[in-house]
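A quick write-up on the structure given underneath.
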Amino acid sequence: MPEQKKERKRENLREALHLEDIRKAYHTGSGDVPVLKGINYDIWRGEFIGIMGTSGSGKSTMLNILGLLDKPTGGLYRLDGIDVSRMSDYELTRVRNIKIGFVFQAFNLFPHLTVQENIEVPMLYAEVPAKKRHEISAYMAERVRLGHRLDHRPNQLSGGECQRVAVARSLVNSPTFILADEPTGNLDEKTGAEIMNLFHELHDAGTTIVMVTHNPYYEPHYDRVIYLRNGTVWKIIDNIAGYTQEYQ
Amino acid sequence: MRLRDQLWLSFHNLMLHKVRSILTSLGIIFGVGSVIAMLAISEGAKIQALAQIEAMGTDKIIVATRKPPASGKDVSDSSGQSLMDRYGITRVDLDHIRRMDNVEQVSVARNSRKKILSGMKRLDLSLVGVSIDFLKFSRSDIVQGRWLSNIDGINNTCVIGLNVKRSLFSLGQKDIIGSTIMVEKDIFRVVGILENSHGTNIPGVGSPNDCIFVTIMASDSIFGKKAYDTSSRNPVVEDVDFDTFIVQVRDVSYIDYTSKRIAAYMSKVHSETKDWTMLVPLDLLKQQEATQNIFTIVMSSIAGISLLVGGIGIMNIMLANVYERRKEIGTRRALGAQKGDIIRQFLFETIFLTSLGGGTGVALGIFIAKMVTLYADMPTAFSLWFIVLALVISAVIGVLFGTYPAWKAAQQNPIEVLRSE
């Protein structure tokens, strides 16, 4: 449990995400099934947030909506000051590309591309010129301590290294926040801890991180933990201020 | 995504699965290959046929003697056996045709029907009496010496075709000009050698390369007009005025009218037996072109079917490919690939496949055509347009059959890949 976290003060809070009465219902044969029933929270820039909940709590749907892969049926979602809740697929993809860095549980690297090429993929879609792509990808690889592995392919790397490549890939377009989905789920305890340390390093450097997980073991790592239950925010644990707010 | 990156990505993906890419484009390779080969063969045949027709000249009408199937105007003896067989186009016809409108000039030729022997061996050559302007009409060139002229008159001078030279003189023999050849009991002095490189085949005369030409006056005075034919069981004396008229028209646009006039006149005068034929090279040319067009249409349909099959094969494999790469597609979408980027990625892959297939097919087709020329001795010809056409068509097939799989790929829901496996 990093001690310096407690020392940090919240000042000059700037909004990264703003969720207001977010609702999501799925259409089925027997009518609409509500999955998210009005979610409200803000995430500030530089925060390390954990979103937790058991299966069926609406956690996955929350992840899809946060990642702009799914649209809410109601409510307001503001990302970096932009209302993204009514955007077209094209605009959402654009926002996703430059404002969200994805880290997946299964790494989702491209096996036929080298480490460097994998890191460059989001920049390809952002139309970054080749020279700049190479510079940035080399820098990011260095940042996750894989500078010596640029020409390797994912199958030549360990699981932990793969996830570090994925983290480097999520950073290249300087996103508003990193959205990590169970990033340690496919790793053993020791490697998982290394990845968590990497996230802490990024966090200390000012990156906003939203991690969706069901692993309560990591609870003390986050600045705040948002617990979901039955499609609503059940409680928010604030590790910096040191209090827990329960709803309902 | 930048076009260059996009193209590279698609190309890279193809190169990952080289064997699969080759197998996938096999349909297109063989389709295009056979199309190119068949087009080359038909183009070769067409060029050959057209050259033969054009070699006769499209501003000409050729009227030729045709030996009637049964004996026509006979002068029979009491036993009923033909002795004298008179048929063919006559001096009267010539005078008539000469006076017709739109007729510029008529050049004539008469085959002396003499056997040309080399020792005891009969050669497939003929001695032909021609008018002085025949050279121009036969579209041949003098390669050595000179052509016949008025000075030759009834002298025993001759001009020989290239094949005549080959069969009568040994290879590399010099001083052919000035040397003599013997036909029956008559000796002729060679004054020139003629070559026809167009493949002209004049009805009643044959290829100028196979002829010994003398002036028609010389032919008349030396051999007379009668020829003794011993080739049939009953010996016959054939009496033929001329074998060929080459009629040059003044205005090609009225060639139809002129040929009809000639045909009408000839069928009126030669009403008893059909001992003449008429040939209008321009008509043949038109017919040949029409036949060629039909052939081309049939060929294109067959080509279309084989390419269709190839295209469907590619679509099938691309669809399987899309299914196999759902995870890649989903990840790309999550990382910021637009639907258009995905569509272009897969579409370019298909177009690359079909274009590479098309290119290989063109090479294969050229190879097959060359082999056909080499082993079957059939002429083949290539024109740039059908190679370009093959490439364009294979690219179009790529678009046609690549669009659906590419669209299908873009519809993949990225949410699927975010689900934990």
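Values below: all heavy atoms of this structure, side chains included; hydrogens, waters and symmetry mates excluded. Protein chains get the first letters and strands the later ones, always in sequence-line order, with residue 1 at the start of each.
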* Asked: Is chain B contacted by the side chain of Phe110(A), its backbone, both, or neither, given a heavy-atom distance below 4.5 Å?
  -> side chain
* With sequence neighbours excluded, residues passing salt bridge (charged side-chain N to carboxylate O under 4.0 Å, His left out) with Lys99(A) -> Asp80(A)
* To do: Could you tell me which portion of Arg94(A) (side chain, backbone, both or neither) has an atom closer than 4.5 angstrom to a non-hydrogen atom of chain B?
  => both
* **Gly147(A) to Leu150(A) - nearest heavy-atom pair and separation** => O-CG, 3.6 Å
* Asked: Do you know which of Val128(A), Ile98(A), Asn97(A) makes side-chain contact (heavy atoms from CB on, under 4.5 Å) with Met123(A)?
  -> Val128(A)
* Have a look at Ser137(A) and tell me which of Gln116(A), Glu117(A), Lys132(A) forms a side chain to side chain donor-acceptor pair (under 3.5 Å) with it. => Gln116(A)
Under 3.5 Å donor-acceptor pairs involving side-chain atoms of residues 307-321 of chain B, not counting sequence neighbours:
residue: Asn321(B); atom: OD1; partner: Arg20(B); partner atom: NH2; Å: 3.3
residue: Asn321(B); atom: OD1; partner: Arg325(B); partner atom: NH1; Å: 3.3

* **Contact winner vs chain B - Asp89(A), Asp70(A), Val121(A), heavy-atom pairs under 4.5 Å** => Asp89(A)
* With only heavy atoms counted, which part of Pro129(A) is less than 4.5 Å from chain B, the side chain, the backbone, both or neither? -> both
* Residues forming a side chain to side chain donor-acceptor pair (under 3.5 Å) with Ser174(A), sequence neighbours excluded -> none
* Under 4.5 Å from a heavy atom of chain B, the part of Leu109(A) involved -> neither
* Using a heavy-atom cutoff of under 4.5 Å, enumerate the residues of residues 362-373 of chain B that contact chain A, numbered in order, or state 'none'. => none
* To do: Would you mind telling me which of Arg2(B), Met1(B), Gln338(B) has the largest number of heavy-atom pairs within less than 4.5 Å of chain A?
  => Gln338(B)
* Asked: Is the closest basic N to carboxylate O distance between Arg133(A) and Glu120(A) below 4.0 Å?
  -> yes
* When the ring centroid of Phe102(A) is compared with that of Phe104(A), is the distance short of 6.0 Å? -> yes
* Test Arg326(B) against Gln412(B) for side chain to side chain donor-acceptor pair (under 3.5 Å), laying out the working first. => CA-CA 7 Å; Arg326(B) 287 189 324 275; Gln412(B) 296 291 323; 4.6 Å; no
